[in-house]
> 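My questions will all concern the structure given below.
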2 protein chains.
Amino acid sequence: MNTAKIEFSECGDCPIRHRAVCSRCETDELEQLNKIKFYKSYPAGQTIAIRGEPLQNVASIVAGTATLTRSIEDGRTQMVGLLLPSDFIGRPGRDTLQYDVTAVSDVTLCCFQRKPFEKLLEDLPHVRERLLEMALDELDAARDWMLLLGRKTARERIASLLTLMVKRTIRPDGEVMGNSSRIELPITREAMANYLGLTIETVSRQLTKLKNDGIIGIEGKRAITIPDLGALLAETGDDEDGGMIV
Amino acid sequence: MNTAKIEFSECGDCPIRHRAVCSRCETDELEQLNKIKFYKSYPAGQTIAIRGEPLQNVASIVAGTATLTRSIEDGRTQMVGLLLPSDFIGRPGRDTLQYDVTAVSDVTLCCFQRKPFEKLLEDLPHVRERLLEMALDELDAARDWMLLLGRKTARERIASLLTLMVKRTIRPDGEVMGNSSRIELPITREAMANYLGLTIETVSRQLTKLKNDGIIGIEGKRAITIPDLGALLAETGDDEDGGMIV
DNA sequence: GCGTGCCTTTGATCTGGGTCAAGGAAAGTG
DNA sequence: CACTTTCCTTGACCCAGATCAAAGGCACGC
């Protein structure tokens, strides 16, 4: 998808930049991190890691979209995390992953061998601090998602997801979106359904309903236009302040 | 409820013991923490904190049960966390809370003023490390709950909750439960419903169904007996290994 | 003992979203 | 260009769980 979009330089000298630490890292700290980092790419659709298998590396997403899913044998699947560039995979202090990680688009990771990384952490307070912040942000996001899964209607769920996508699309260039915007859904209907706790049929139906109501426009399979962001926001079921954490 | 059960000495010299740091803290580190700690109690039903209001303190639960909930104006409410003794409330680096915190039973908190606590954190690597661990555990728990909310049937949800309760009941004395056991539900049907993304009627119906199927016994309103834990586990919809993180 | 509330159970009915089934549409492939 | 394959949409029908409504307990104060 956009593997090539983010240059090496964007990932920067410090490999877990973006939401991560590096703005606060000292040069020598970066040196240490750089010594154990390496890049790895996965084509769209490929499994990056499977629940329960020992985890060799931790990584930061440089480009592409990956998903974190949890499922039961009978096939029911729930996405529990959407990983966009700057998100972190894996966790210090755990040697197995609790979830399946899958590349949705072509994905490039900036990896660190877990053991050395953990050892390094002890000397890198900035990184540890940033990891805590990120974990807490993810926790908030997960909890917001719990409200969605437990209490929201199908239409509200779709609207919430689109809102989330818009918000997360803003970030890379730091540009603030106007009232109207256009997003490329980085995921299939199936992934959307798994994220929202719905079926693909319901996702499809609600999308067309939102289109018919003039809340969104649909261009092809993946592009959504949003003529009035406020109108979409009003469909999410959230409080005005738009509590959803991205 | 059991306010008196946990003695001051159990909370120990280090106030965020239990799941928290203190086993690894040095004596002088404990000293520092103790200087800014104080206890606070809330009767059952009382609101401990409201979403959005500035957060003065962080705290560790010493006794009782509290809930973390997120809700929308129209009354829909989703519980996003069940706080039992040893759990932590609040987060360093955020000055407002994202959720409502409510005492379900009588609750005793071990509080720290947030600002001094945050400053202290800089010098207490053990505590920071432990906070990260706890955040990651909570994240895993939240994600497991997402699977429940997104994909499980009402019966599976009830069974999962009971299983969770059993597992969390074990901890305080470290005693391993036998195959059969008895738990006191610390929460009302309404709280269960809000936790599970169901209505109280459905919760009630599924509980009686499980009773009629011999999976559980119901004694009064709050006590549940589980003659065969394996049978209950089989109803949760989870993999055999019982992946649920407590 | 007798209300008065609160929580819980049970019943009857309704409905949002699931399930099953049948077509499109776009992209690749030989 | 026909021929899969993959993804998406649409329709018809169904059912788990929501909603609406009515009783039980049980604990409390008077």
Side-chain angles (χ1 to χ4, degrees), chain A residues 1 43-46 67 72 74-78 102 104-105 148-162 184-213 216-224 235 237, chain B residues 1 43-46 72 74-78 102 104-105 148-161 184-213 216-224 235 237:
Chain A
M1 188 190 185
Q46 187 161 328
T67 61
I72 16 192
D74 62 14
R76 282 179 286 175
T77 299
Q78 177 64 47
T102 314
V104 188
S105 62
L148 178 146
L149 293 172
R151 296 301 187 196
K152 285 191 183 176
T153 65
R155 167 182 268 241
E156 290 169 340
R157 295 183 197 204
I158 299 284
S160 299
L161 180 61
L162 294 179
E184 286 285 333
L185 296 179
I187 57 177
T188 64
R189 295 284 184 274
E190 190 188 15
M192 290 178 72
N194 286 337
Y195 205 7
L196 298 172
L198 300 171
T199 58
I200 52 172
E201 293 94 331
T202 300
V203 170
S204 187
R205 275 189 259 269
Q206 294 299 333
L207 279 173
T208 48
K209 269 187 197 162
L210 284 172
K211 185 188 69 181
N212 293 339
D213 294 350
I216 62 171
I218 301 182
E219 297 176 0
K221 285 181 181 175
R222 292 294 178 84
I224 303 281
E235 297 289 338
Chain B
M1 188 191 187
Q46 187 160 330
I72 17 192
D74 62 13
R76 283 178 286 176
T77 299
Q78 177 64 46
T102 313
V104 188
S105 62
L148 178 145
L149 292 172
R151 296 302 186 196
K152 286 191 182 176
T153 65
R155 168 182 268 241
E156 288 169 341
R157 295 183 197 203
I158 298 285
S160 297
L161 179 62
E184 286 284 335
L185 295 180
I187 58 176
T188 65
R189 295 283 184 276
E190 190 188 14
M192 290 178 71
N194 285 339
Y195 206 6
L196 299 171
L198 300 171
T199 59
I200 53 175
E201 293 95 328
T202 302
V203 169
S204 185
R205 276 189 257 269
Q206 293 300 333
L207 278 173
T208 48
K209 267 188 198 162
L210 284 172
K211 186 188 68 180
N212 294 340
D213 295 350
I216 63 171
I218 302 183
E219 298 176 359
K221 285 180 180 175
R222 292 296 178 83
I224 302 280
E235 298 289 340

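The basis for the numbers below is simple: all heavy atoms, side chains too, and nothing from hydrogens, waters or symmetry mates. Each chain gets a letter, A, B and so on, in the order the sequences are listed, and its residues count up from 1. Here the structure is a predicted model, which means the values were calculated and not measured.
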> Mind checking side-chain hydrogen bond (donor to acceptor under 3.5 Å, both in side chains) for B:Thr202 and listing every partner two or more places apart, or none if nothing turns up?
B:Thr199
> Reckon B:Thr199 touches a base, only the sugar-phosphate, or nothing at all at heavy-atom distances under 4.0 Å?
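Here B:Thr199 touches the bases of the nucleic acid.
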> For B:Arg189, what residues pass the side-chain hydrogen bond (donor to acceptor under 3.5 Å, both in side chains) criterion, not counting sequence neighbours?
none
> Heavy-atom distance under 4.5 Å between the side chains of A:Arg157 and A:Leu149, does that happen here?
yes
> For DNA chain D, which nucleotides open and close the run of contacts to chain A, 5' to 3', at under 4.0 angstrom from a non-hydrogen atom?
D:dC7 to D:dA12
> Look at the side chain of B:Gln78 and the backbone N and O of B:Asn194, then say whether any donor-acceptor pair between them is shorter than 3.5 Å.
yes
> Sequence neighbours excluded, which residues qualify as side chain to side chain contact (heavy atoms under 4.5 Å, CB included) partners of A:Ser204?
none
> Which part of the nucleic acid, if any, lies within contact of A:Arg222, taking any heavy atom under 4.0 Å across all strands shown: a base, the sugar-phosphate backbone alone, or nothing?
sugar-phosphate
> How close or far is atom C1' of C:dG18 from atom CD1 of A:Ile200, stated in whole angstroms?
12 Å
> Using the side-chain hydrogen bond (donor to acceptor under 3.5 Å, both in side chains) criterion, which residues pair with B:Asn212? Sequence neighbours excluded.
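If we apply the side-chain hydrogen bond (donor to acceptor under 3.5 Å, both in side chains) test to B:Asn212, skipping adjacent residues, there are no hits.
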> For B:Gly45, which contact category applies under a 4.0 Å heavy-atom criterion: base, sugar-phosphate, or nothing?
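Nothing, no heavy atom under 4.0 Å.
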> Between A:Gly220 and A:Arg151, name the one whose nearest nucleotide on DNA chain D is closer to the 5' end.
A:Gly220
> Find every protein N or O atom lying less than 3.5 Å from an N or O atom of nucleotides 20-29 of chain C, and list the pairs.
{"residue": "C:dC20", "atom": "N4", "partner": "A:Glu201", "partner atom": "OE2", "Å": "3.2"}

> Please figure out whether A:Ala154 or B:Ser204 has its closest DNA chain C nucleotide nearer the 5' end.
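In this pair, the answer is B:Ser204.
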> Check the distance between C:dT15's P and A:Arg155's CZ and give it to me in whole angstrom.
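To the nearest whole Å, that distance equals 18 Å.
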> Restricting to side chain to side chain contact (heavy atoms under 4.5 Å, CB included), what partner residues turn up for A:Ile72, sequence neighbours left out?
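A:Ile72: side chain to side chain contact (heavy atoms under 4.5 Å, CB included) contacts with A:Asp74, A:Arg76, B:Asp239.
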> Taking only N and O in the side chain of B:Thr208, is any of them less than 4.0 Å away from OP1 or OP2 of C:dT10?
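B:Thr208 to C:dT10 OP1/OP2: side-chain N or O found under 4.0 Å.
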> Considering just the side-chain nitrogens and oxygens of A:Thr202, establish if one lies under 4.0 Å of OP1 or OP2 belonging to C:dG17.
no
> Indicate, with a heavy-atom threshold strictly under 4.0 Å, whether B:Leu207 touches base, sugar-phosphate, or nothing.
nothing
> B:Leu210 has an atom CG; how far is it from atom P of C:dT9, in whole Å?
12 Å
> Nearest 0.5 Å please: distance from the OH atom of A:Tyr195 over to the CG atom of A:Leu161.
7.0 Å
> Would you give me the side-chain donor-acceptor pairs under 3.5 Å for residues 216-224 of chain A, sequence neighbours excluded?
{"residue": "A:Glu219", "atom": "OE1", "partner": "A:Arg182", "partner atom": "NE", "Å": "3.0"}
{"residue": "A:Glu219", "atom": "OE1", "partner": "A:Arg182", "partner atom": "NH2", "Å": "2.8"}

> Under 3.5 Å, side chain of B:Arg151 to main-chain N/O of A:Leu198, donor-acceptor pair present?
yes
> How bent is the helix from C:dG1-D:dC30 to C:dG30-D:dC1, measuring the angle between the end axes built from five pairs each, rounded to 10°?
30°
> Suppose we screen for side-chain hydrogen bond (donor to acceptor under 3.5 Å, both in side chains). Which residues come up paired with A:Glu235, at least two apart in sequence or across chains?
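In terms of side-chain hydrogen bond (donor to acceptor under 3.5 Å, both in side chains), with neighbours along the sequence ignored, A:Glu235 is linked to A:Arg155.
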